[in-house]
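Beneath this line is the structure, given in structure tokens, with notes to follow.
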Amino acid sequence: MSPVVTIHQIMGSAADGQVRKKMAPGTSCWRRFRNRICRALGLPIKRGPSKPSDWFLDKFSAQEFYDNDEPEEPQGSKWLCGWKGFSVDPTHTAHYHWLAVVSLAVLYNVVFVIGRAVFWELDKSSTSWFALDYLCDAIYVIDTVIHMHEGYLEQGIMVKDSTMLRRNYMKSDWWPYDFISLIPTDITYYWWPPGNCDYDRLPCPVIVRLNRLFRLPRMWEWFDRTETATSFPNAFRICKVVMAILVLIHWNACLFFAISYAIGFGTDNWVYNITGTRNETLAHQYIYSFYWSTLTLTTIGETPQPEIDVEYIFVVLDFLAGVLIFATIVGNIGSMISNMNVARVEFQNKMDGVKQYMAFRKVSGELEARVIRWFAYTWAESGALDEEHVLSSLPDKLKAEIAIRVHLDTLRKVQIFKDCEPGLLEALVLKLKLQVFSPGDYICRKGDVGKEMYIVKRGRLQVVADDGHTVLASLGAGSVFGEVSVLDIAGNRTGNRRTANVRALGYSDLFCLAKRDLWEALADYPEARATLTKRGCQLLRKDGLLDETVFENAKTTQLSLEENVRKLESTVDLLNNRLQGLLADVGQEQAKLKQRICKIESRFIESDEEFDSDETTPELHRDIKVCSYSDTPSCSTQYMDANNPVRERGHSLCVDRTPGLLQIIPEPRSKSLRLKRKDIPK
């Protein structure tokens with residue numbers, strides 16, 4: 001019984017779609033459709049040839065990822081090749097190639113629309129031109145759809161929603177140009193059929209296609225991207241300028257031929273003379289016009305003398321355009337050519353300065369020859385590039401990744417880098433300094449104070465004895481030496497001094513890592529530091545230069561010191577927590593105390609008011625001083641009596657409730673008390 005394949009099986013259920021791994025952007029619609037068919041039929045899915053992975057790059061290089069929070073496209077849109085969710089990433093290589101195709105279509109219209117409109121012999125084969133014209137129109141239509149759905153960055157993330165892309169496109173300044181370039185002006189062929197133009201009927205109907213030139217911004221975009229992406233930007237700029245010169249000369253030649261038609265072919269010596277068999281050919285017409293245009297725009301002269309005002313005006317305008325345009329173009333070309341050799345010129349100036357210095361100081365010829373050979377080797381190998389200056393504008397993450405990829409063959413051979421963390425590798429490669437040694441140079445000598453460790457990038461080194469002839473070992477690319485002197489291993493009998501003589505056999509490129517930079521990088525990576533220390537101990541034990549007693553005591557002291565530091569940190573944390581608790585308790589008690597004081601104060605104020613309103617004992621009111629209040633009442637009052645001394649009540653501590661408490665000053669009694677005193681019978 002043959003299996004029945006349903007549309008639901010081909011499309012895939014929603015649950016299966018959630019379980020299946022989301023395909024990476026850029027997967028073609030045909031490949032997705034084929035994979036669904038294979039899943040439904042139970043057939044194996046063919047995968048493209050995969051590049052073998054590199055464990056070193058996989059570990060230390062940045063990996064591409066896809067946003068899992070991105071809303072998934074509806075099933076219908078996926079089935080229709082993602083049309084509803086259609087978006088184009090302008091950073092992909094396919095988009096760059098598409099811009100190249102669009103640029104060819106634009107260049108075709110720039111060159112041939114004006115040429116066919118003026119040179120009637122060029123417009124004779126209408127069928128071929130029609131095919132090319134409408135092929136370019138189809139490219140324009142497709143490019144409009146692509147341009148409408150080009151992604152853009154919003155908060156650093158590529159927007160892929162088609163509705164937002166179309167809305168952004170309509171808000172841009174480019175859609176009017178695209179719309180104008182798509183206007184079907186060819187419908188005028190119905191009233192103005194092509195192929196009927198002649199020397200007495202110009203221009204040809206193809207002139208109505210000039211609106212196709214409004215697509216020029218897409219060609220400029222391709223130029224900008226090519227100039228950014230190419231490894232030879234100056235050469236590309238020169239080619240672009242040459243192409244612009246040829247296009248300008250071509251357009252000016254067409255204008256000259258059109259003005260000759262408007263004035264009349266052969267009416268004077270300035271216009272083109274069409275009489276004669278040779279002059280009637282298309283090749284001679286165009287070559288003569290192009291020759292005249294070149295002489296005029298380059299202001300070389302030697303063209304026929306104008307005879308009427310229109311001819312004079314056209315020639316003057318051509319001369320002005322030639323002076324302005326070609327002066328700018330020639331200046332740009334000169335700067336481009338000089339920039340192509342700027343690195344060589346700077347390097348030559350440095351070498352000349354060193355040679356002048358050696359001649360002034362009367363340096364020996366042998367040493368001078370070694371210096372010149374060193375310069376020659378440096379230029380031949382690296383072009384005298386200052387890598388630190390060139391990459392200074394990049395962030396540290398990208399600089400580290402570039403350094404890893406550039407020096408990949410060397411770094412993968414270094415044993416200490418194979419097991420280290422990616423962060424440590426990035427920190428180390430940014431601190432490496434490249435040094436070039438000539439044949440016979442000593443990188444380090446036994447007994448020197450060690451301040452750097454070295455990694456061999458290219459070349460061969462020899463470990464020699466004190467006599468300078470006996471070779472003890474050879475070092476090649478990826479070898480590491482000098483780490484013992486910079487590790488400060490306790491028990492090292494030589495201290496921080498070199499334990500061997502290392503000499504360059506030929507020209508050698510070495511990475512140098514300073515002691516301070518190494519310890520700064522290892523400060524946050526104790527495992528890597530322990531690995532390097534272990535390797536240094538092995539080398540010292542091999543040569544009998546390690547005092548085991550001092551080393552063990554140092555380890556014990558280090559461990560005890562670390563334990564004491566941890567205990568001290570825990571004690572400080574405990575005290576800090578207790579202090580925070582005490583501060584919280586004090587705050588609560590202070591709040592309660594303020595509330596109690598405020599209650600006592602309010603009660604005391606009420607008792608004063610009752611005392612003042614009591615008329616049975618008027619003698620006690622004789623010398624009462626009433627205090628003033630501002631925002632909140634205060635309970636600060638003085639009682640004065642003739643027989644008793646002045647006694648002052650305690651002032652309130654509730655400062656928050658009585659911010660406007662006034663000082664007690666001796667003033668006359670209040671009006672209310674004076675009136676009460678008058679009413680007392682004597």
Side-chain angles (χ1 to χ4, degrees), residues 103-123 129 132 136 197 199 202-204 206-207 209-210 212-217 219-220 222-223 226-227 234-263 265 268-274 278-306 310-337:
S103 300
L104 289 177
V106 174
L107 185 61
Y108 164 80
N109 287 315
V110 168
V111 174
F112 288 102
V113 168
I114 186 67
R116 289 163 54 195
V118 174
F119 297 98
W120 61 86
E121 293 291 340
L122 189 62
D123 197 46
W129 291 122
L132 293 174
C136 293
C197 54
Y199 67 93
L202 288 179
C204 296
V206 74
I207 195 69
R209 292 181 55 85
L210 281 177
R212 270 57 172 182
L213 304 186
F214 280 89
R215 191 70 62 155
L216 274 172
M219 186 170 66
W220 296 335
W222 182 78
F223 284 161
T226 304
E227 185 176 343
N234 290 318
F236 177 78
R237 294 188 191 107
I238 293 176
C239 295
K240 183 174 65 174
V241 170
V242 170
M243 189 196 75
I245 293 174
L246 294 177
V247 170
L248 288 174
I249 294 175
H250 168 76
W251 271 70
N252 193 57
C254 295
L255 290 177
F256 167 75
F257 197 79
I259 291 178
S260 298
Y261 160 76
I263 297 174
F265 292 115
D268 54 34
N269 293 328
W270 185 83
V271 298
Y272 182 78
N273 187 8
I274 202 173
R278 187 169 66 103
N279 295 343
E280 292 179 354
T281 61
L282 172 63
H284 188 270
Q285 293 172 3
Y286 183 77
I287 291 174
Y288 179 84
S289 301
F290 197 88
Y291 168 76
W292 184 93
S293 177
T294 303
L295 294 180
T296 305
L297 289 181
T298 54
T299 64
I300 295 176
E302 299 183 3
T303 57
Q305 182 73 21
V310 176
E311 297 173 356
Y312 275 107
I313 293 173
F314 181 73
V315 172
V316 168
L317 293 177
D318 261 12
F319 279 141
L320 292 177
V323 169
L324 295 176
I325 296 175
F326 275 81
T328 304
I329 291 175
V330 170
N332 289 335
I333 291 179
S335 63
M336 293 173 192
I337 294 176

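All figures in this text were calculated on a predicted structure; none of them were measured in a lab.
With rounding to the nearest 0.5 Å, the separation of CD in Gln285 from CH2 in Trp120 is 4.5 Å. Expressed to the nearest 0.5 Å, how far CG of Leu216 lies from CG of Leu107 amounts to 9.5 Å. Here the CD atom belonging to Glu227 is positioned 8.5 Å from the CG atom belonging to Asn234, to the nearest 0.5 angstrom. Atom OG1 of Thr294 sits about 11.0 Å away from atom CG of Leu248, to the nearest 0.5 Å. Atom OG1 of Thr281 is separated from atom CD1 of Ile287 by 8.0 Å, given to the nearest 0.5 angstrom. The distance from atom CD of Glu311 to atom CZ of Phe256, rounded to the nearest 0.5 Å, is 8.5 Å.
Taking the centre of each ring, Phe265 and Phe257 come in below the 6.0 Å mark.
Side-chain atoms of Tyr261 come within 3.5 Å of backbone atoms of Leu202 as a donor-acceptor pair (strictly under, hydrogens ignored). Under a 3.5 Å cut-off, the side chain of Asn273 and the backbone N or O of Asn269 do not form any donor-acceptor pair. For Asp268 (side chain) and Val271 (main-chain N/O), a donor-acceptor pair under 3.5 Å exists by modelled atom type. Of the possible polar contacts, none joining the Gln305 side chain to the Trp270 backbone as a donor-acceptor pair under 3.5 Å is found. Distance alone, capped at 3.5 Å, is enough to place a donor-acceptor pair between the Ser293 side chain and the Ile249 backbone. Listed for the Thr328 side chain is a donor-acceptor partner under 3.5 Å among the backbone atoms of Leu324.
Side-chain contact between Ile263 and Ile259 is present, with heavy atoms from C-beta onward closer than 4.5 Å. In this structure the side chain of Leu246 reaches within 4.5 angstrom of the side chain of Phe290, judged on heavy atoms. Looking at Tyr108 and Leu104, their side chains never come closer than 4.5 Å, going by heavy atoms from C-beta outward. The shortest side-chain heavy-atom distance between Leu282 and Leu122 falls under the 4.5 Å cut-off. When side chains are defined from C-beta on, Glu121 does not count as touching Tyr286, because their heavy atoms never get closer than 4.5 Å. A heavy-atom distance below 4.5 Å is found between the side chains of Pro304 and Trp292. Contact annotation: the side chain of Phe314 approaches that of Asn252 to within less than 4.5 Å [non-hydrogen atoms, C-beta and beyond]. Between Ile114 and His250, some side-chain heavy-atom pair lies under the 4.5 Å cut-off.
Note on ring orientation: taking the six-membered ring where Trp is involved, the planes of Tyr288 and His284 are parallel (angle under 30°, cut-offs 30° and 60°). Between Phe236 and Trp222, the ring-plane angle classifies as perpendicular under the 30° and 60° cut-offs.
Taking each heavy atom of Val206 and Ala117 in turn, the nearest pair found is CG1-N, 3.5 Å. Shown here for Asp123 and Arg116, the closest heavy-atom pair between the two residues is OD1-NE, 3.1 Å. Smallest separation of non-hydrogen atoms from Glu280 and Ile274: CG-O, 3.2 Å.
Other residues, nucleotides and ligands place more than 12 heavy atoms under 6.0 Å from the OH atom of Tyr312.
Tested against Ile313, the residues Leu317, Val316, Val315, Val310 include a single side chain to side chain contact (heavy atoms under 4.5 Å, CB included) partner, Leu317.
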